[in-house]
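Structure, as structure tokens:
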Amino acid sequence: MDFNQKVWNSIKKIPKGKISTYKLVAKKIGKPKAVRAVGNACNKNPFSPLVPCHRVVKSDGSIGGFAFGKKKKIELLKKEGIQVKKGKINGFEEKVYYE
DNA sequence: GTCGTGACTAGCC
DNA sequence: CGGCTAGCCACGA
């Protein structure tokens, strides 16, 4: 199991309507300091529709970025039932998912 | 083997 | 609240 695989696998488990943070994902795979690597994995993730990388945001609730554009990411989140306010998740602390 | 880059984080000013 | 710095990890050239 490669590092990226772990990242994608963890993100895949995020249920619809919920989100997670890079730090959480990194911590879950046993490398809480690999937040940068996690972001890298998501950006290069070849499973765009399979891996909901758009449900992963920064630790402070901000969007961060997205390969298809932050705007697109926000739209997707809103579609999932997650409200975004000024580039930040609306009440993300209550929607954060961590096994 | 080394360097640069990135969807990051935490600390400090 | 905004900006800067250092530390962190993986990947490609």
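Just so it is clear: chains get the letters A, B, ... in the order the sequence lines come, proteins before strands, and each one is counted from 1.
Nucleic acid contact class of A/K73 (heavy atoms, under 4.0 Å, all strands): base.
Regarding A/K70, its NZ atom lies at a distance of 14 Å from the P atom of B/dG6, rounded to whole Å. B/dA7 atom C1' lies 18 Å from atom NZ of A/K71, rounded to whole Å. Between the CG atom of A/D60 and the C1' atom of C/dG2 there is a distance of 13 Å, rounded to whole Å. The separation between A/K72 atom NZ and B/dA7 atom C1' is 17 Å, rounded to whole Å. The CG atom of A/L24 sits 13 Å away from the C1' atom of B/dT9 (whole-angstrom rounding). As rounded to whole Å, 14 Å separates atom C1' of B/dA7 from atom CG of A/L76. When the P atom of B/dC8 is taken as reference, atom CZ of A/F92 falls 14 Å away, rounded to whole Å. Rounded to a whole Å, the NZ atom of A/K88 is 11 Å from the C1' atom of C/dG2.
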**Study point:** Under the 3.5 Å Watson-Crick or G-U criterion, the dot-bracket string of DNA chain C, with | for inter-strand pairs
**Key:** .||||||.|||||
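Annotation: side chain of A/I14 is in contact with side chain of A/V56 (closest heavy-atom distance under 4.5 Å). Using a 4.5 Å heavy-atom threshold, the side chains of A/K27 and A/Y98 count as touching.
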Point to revise | Protein-to-nucleotide contact annotation, 5' to 3' order, nucleotides 8-13 of chain C [B base; S sugar-phosphate only; - none; under 4.0 Å, heavy atom] | key: BBBS--
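Residue A/K85 places its NZ atom among 12 or fewer non-hydrogen atoms of other residues, nucleotides or ligands, all under 6.0 Å distant. Counting heavy-atom neighbours within 6.0 Å of A/F68 CZ, excluding the residue itself, gives a total of 12 or less. More than 12 heavy atoms of other residues, nucleotides or ligands sit less than 6.0 Å from atom NZ of A/K18.
Here the closest non-hydrogen pair linking A/T21 and A/F92 is CG2-CE1, 4.4 Å. Here the closest heavy-atom approach between residue A/C53 and residue A/S48 is recorded as SG-O, 4.5 Å.
Between the side chain of A/N45 and the backbone N or O of A/C42 there is at least one donor-acceptor pair closer than 3.5 Å.
Under 4.0 angstrom from either OP1 or OP2 of B/dC8 there lies no side-chain N or O belonging to A/S59.
Listed by chain and residue number, A/D60 satisfy the side-chain hydrogen bond (donor to acceptor under 3.5 Å, both in side chains) test with A/S62 (two or more places apart in sequence, or in another chain).
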